[in-house]
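Here is how names work: the chains are called A, B, and so on, in the same order as the sequence lines, proteins then strands, and each is numbered from 1.
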Amino acid sequence: MHSQYQPAAIETEIQKEWEESGAFRALKGGGKPKYYCLSMFPYPSGKLHMGHVRNYTIGDVLSRYHRMKGCNVLQPMGWDAFGLPAENAAMANNVAPAAWTYSNIEYMKAQLKSLGLGLDWSREVTTCKPEYYRWEQWLFTRLFEKGVIYKKLSTVNWDPVDQTVLANEQVIDGRGWRSGALVEKREIPMYFFRITQYAEELLEDLDRLEGWPEQVKTMQRNWIGKSYGVRFAFPCRLDGELDQLWVYTTRADTIMGVTFVAVAAEHPLALRAARNNPDLAQFIEECRQGGIAEADIATMEKKGMDTGIRVNHPITNEEVPVWVGNYVLMGYGEGAVMAVPAHDERDFHFAKKYGLPIRQSIQVPGEVFSADGWAEWYGDKEKGFCIDSGKYDGLNYQQAVDAISADLKEKGLGDKQVQFRLRDWGISRQRYWGCPIPVIHCGNCGDVPVPDEDLPVVLPENVVPDGAGSPLAKMPEFFETTCPKCGGKARRETDTMDTFVESSWYYARYSSPGCETGMVEKKAAEYWLPVDQYIGGIEHAILHLLYARFFHKLMRDEGLVPGEEPFRNLLTQGMVVAPTFYREEANGKKRWINPAEVDVETDPKGRPVGAKLKADGGPVSVGGIEKMSKSKNNGVDPQGIIDEYGADTARLFMMFASPPEQSLEWSDAGVKGAFRFLRGLWGFAHEIRDMLASEMAGAALSRVEGNQKLARREIHLNLKKANDDYRRCQFNTVISAAMKMLNVLEDLHRSPGSEANRVDHAAVMKEGFGILLRMLSPVTPHISQKLWRELGYGESILDAPWPEHEEDALVQDEIELVVQVNGKLRGNVSVARTASREEIEVLALKAAEKYMEGRPVKKVIVVPGRLVNIVV
RNA sequence: GCCCGGAUGGUGAAAUUGGUAAACACAUCGGACUUAAAAUCCGACGAAAGGAAACUUUCCUGCCGGUUCGAGUCCGGUUCCGGGCACCA
């Protein structure tokens, strides 16, 4: 054993051992409980960043911990390999997305391996390979035939210059990121998954996910957004014919306050009115401008225009004007809303802007209504009751909704309706680097799914997109085909699928990654699923996790997977955030610069205020502090730390920096400290090695006294704490406890009296250091393994039994209590473990005497084992 | 705009059920060792006031208010920051 800690040599040696022995190859059975631990697979963007290191270290810590606890662990890894960045890189560097992606995978795989993760690489999946996506296409055809997938028109961002559809991310301030052209909305046909059919189940099953953070379940509940409302119609007369304008509202109690109706620009009524109203047609055209992102629509200026059409109030029959509003979305509910300016904030501001009437119809006792300004209580449905609402006066929310919906029903103009905010999932993408949608369009037969025997529809891999439209649509060799039904000439679908589809079922594929007869091999899925622990960034709380839950139910309905839910326990790690830097180019576009390439000036609080590019010394603009991402180029590559200090230090530092769920602003301050700890651990092991090897280390631990007993108590106390912390995934304090253990052992070893009783000393040291190594081994597996063997504890620490504390070692004869007077700390008393409440009170009163200033005691509160509070 | 989080010393953070705020580290400063540096070891380290000193007192968990013998923790409000908002993944 070398006296110096040499992480590079140790880590190479240990990793080689694991690889050669197949230490992490997961096999079914063995009589142990299975533990499937899954970290969200990465998009192969080029290099790992600190967010990945955090994610995968957490997963590895949990995997190794459970293995030592006696589980049969599966921890797989793969690549979410389709996606937009590959196309961008392709255009920038003139390489095919496939080649770029595969070379990134190769590099990142080596990085992952150097971290020493206990992964079963034999199960690696890569979503851009036909053997993976063929099964996605297979499921698509099944769902298409079942009607779970359907086609309808949907709105996209259209770049009129590049003649291409843009992702929301590619729309910056309403303009296309490459062309700078004003983006427009455009309707195109797309395939949709009927996720709304599963809305109720997706909502209800959240209650059964006990291992999920409350926060994530709340977000999903709100996203699904089940609401109890009323769908009703405003009757109207158009060109002499009776018609109806349908709306949906959750505030039917305010129906008597309706002063107008707002419809989307694409609403048939708006289009009809625009036919002989050029101003309105012009306004509708304006509404087409801008992107489709909800955040943009919700924050843009609310604009509207009167259509001139009048409808009748369904209760009063009064005439109500119909306006076009740019904030009303066609794809949402009915594409039309009743507007009650007095009781809806958005309607209020809209009415003020256009001088529309505001009519109060709800009153909260003790409040005064004024149309001059908006007040919070106007929208309150808990405390209010109806006024100026005719026969509904005096009713509260629920009574009013019941009465009004009953009346509407009687008139045949509406009824109560449960609605969901959740919309069907549009999966068509007019992009190249994705899974081809397996449909053939035939003039005679319509949309025909590709038959099983013709799957997969293989994506050609040698294509470099040019940013103007879909490359597949320009490749006759791809789209020219014949109809599988009638054999006539037909055209293959050229859209690809949303990349969320691949990541919705990869967790199941890992159970049988090479299966050539189906999506999954049934027996393997039944053994390994569900995932016992899923780990990933909180940014996936809604979309990815909802889609994966949905897919699990789709696959369940196909008889492919067991159970209702894919992920039993979920750990959502906080973002690793870092400052962003950019330079504005001549055309106004921002070029994002990696933090490693700039010198930063900070204010006294440490926040970046200015920066210079290292390369040319020129100034660089400072952006916000955001999650590490490819698009903002603020990812910090862990390789530098691994090269300088080793994987164990990188892992230890990352886990020590903060608890997993907390977001973390990246800083490498403290890396040295983590390294110092491991070097100290190694040095100390080297120092005590001979002593531990001697037979002295076998004495009975229950009989140790004095310093040894105190040290042993500390070790077991910290072990108890660390075990609690492992259970609740708070690894930073596990490491604190480990550091304390090392401090205790070092102090004991160097204390003058330790030589006096060498047998007890060696025994306590041997026990303590063995606990420490196992405690640390999930976090720093290489050094722990190496020392475990060197110090003669055993061959492999991977399957060493997990240490549990001994209650007997914790027993204390005397307990320290805190004494407070009126809640203020005034001293300490030492009492016997067995002291009665009365004895404690006497001691405490004596200790606090001088702070009581002769005032009479009102009350004494004794919290056992903690404190005494004297109230005077 | 809407939904979900977060804020504690110079820094990362701890305090698990309402019970000693700042554990464990980092940085800094002082000392030892050294020709020197690095490494290592020992010590100090929230703020203010008083004291020669030992020490004492007061204040302190973003901000304002409340509940309680006692609040970082519970309740109401508020500011700032982060995540998501359906085509980034």
Side-chain angles (χ1 to χ4, degrees), chain A residues 40 42-43 45 80 83-85 156-157 165-171 213-216 218-219 221-223 225 291-300 302 327 345-346 422-431 498-500 503 537-544 546-547 572 574-575 577 604-606 624-627 629-631 653 656-659 661-665 667 669-674 676-677 679-680 683 721 724-725 727-728 730 732-733 735-740 743 816-825 827-828 858-861 863 866-872:
Chain A
M40 289 180 186
Y43 177 78
S45 55
D80 189 12
L84 199 52
V156 294
N157 302 308
V165 176
L166 297 178
N168 284 335
E169 191 190 46
Q170 298 170 317
V171 180
E214 230 18 81
Q215 169 199 4
V216 174
T218 304
M219 283 192 257
R221 273 188 205 106
N222 292 342
W223 185 261
I292 56 165
E294 193 193 292
D296 294 338
I297 292 166
T299 49
M300 74 187 176
K302 312 282 175 290
Y327 61 93
E345 191 169 359
R346 200 169 51 181
L422 183 69
R423 313 197 296 250
D424 277 338
W425 175 16
I427 54 121
S428 296
R429 299 290 180 268
Q430 299 67 45
R431 276 188 243 301
D498 181 2
T499 57
F500 270 124
S503 56
I538 184 66
E539 77 269 30
H540 296 294
I542 297 173
L543 292 180
H544 162 62
L546 190 66
Y547 291 148
T572 44
M575 302 287 81
V577 296
K605 271 264 161 196
I625 296 169
E626 298 180 53
K627 72 166 171 169
S629 71
K630 180 101 186 143
S631 60
F653 172 61
F656 187 51
S658 80
E661 306 212 320
Q662 200 157 307
S663 71
L664 176 65
E665 189 175 334
S667 152
V671 172
K672 264 192 224 158
R676 214 175 286 159
F677 170 71
R679 190 168 53 191
K721 160 84 177 145
D724 267 344
D725 291 343
R727 253 165 244 136
R728 61 194 180 112
Q730 191 170 288
N732 56 330
T733 47
I735 295 162
S736 293
M739 286 172 168
K740 283 186 211 173
N743 291 344
E816 284 267 296
L817 291 182
V818 161
V819 179
Q820 296 180 335
V821 177
N822 284 348
K824 282 207 163 134
L825 176 65
N828 296 287
K858 265 207 219 149
K859 197 172 167 190
V860 180
I861 292 151
V863 183
R866 284 202 181 260
L867 61 69
V868 185
N869 188 14
I870 301 162
V871 186
V872 295

Side chain of [X] only, heavy atoms from C-beta on: which candidate in [options] is closest?
X	options	answer
Gln820(A)	C26(B), G19(B), G12(B)	G19(B)
Arg676(A)	C24(B), A27(B), U20(B)	A27(B)
Glu539(A)	A15(B), A23(B), G84(B)	G84(B)
Asn743(A)	C26(B), A25(B), A13(B)	A25(B)
Gln662(A)	A13(B), C69(B), U16(B)	A13(B)
Arg679(A)	A39(B), G19(B), A86(B)	A39(B)
Arg423(A)	A86(B), G84(B), G70(B)	A86(B)

Point to revise | By side chain to side chain donor-acceptor pair (under 3.5 Å) - contacts of His540(A) (at least two apart) | key: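 Expected list: none.
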
Review point. Tell me, which stems hold RNA chain B, with a stem being 3 or more Watson-Crick or G-U pairs in a row and both distances under 3.5 Å?
Key: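 Stem list for RNA chain B: B:1-7 with B:79-85, B:10-12 with B:24-26, B:28-32 with B:40-44, B:46-50 with B:55-59, B:62-66 with B:74-78.
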
Exercise for review: Could you tell me whether the side chain of Lys630(A) and the main chain of Ser45(A) form a donor-acceptor pair under 3.5 Å?
Suggested key: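 A pair under 3.5 Å: yes.
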
Check your understanding: Between Ile542(A) (CD1) and A89(B) (P), how many Å, whole number?
Key ->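 Answer to the nearest Å: 17 Å.
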
Check your understanding: Is there a donor N/O on one and an acceptor N/O on the other, under 3.5 Å, for the side chain of Asn222(A) and the base of C3(B)?
Key ->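 Counting by modelled atom types and ignoring angles, no donor-acceptor contact under 3.5 Å is found here.
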
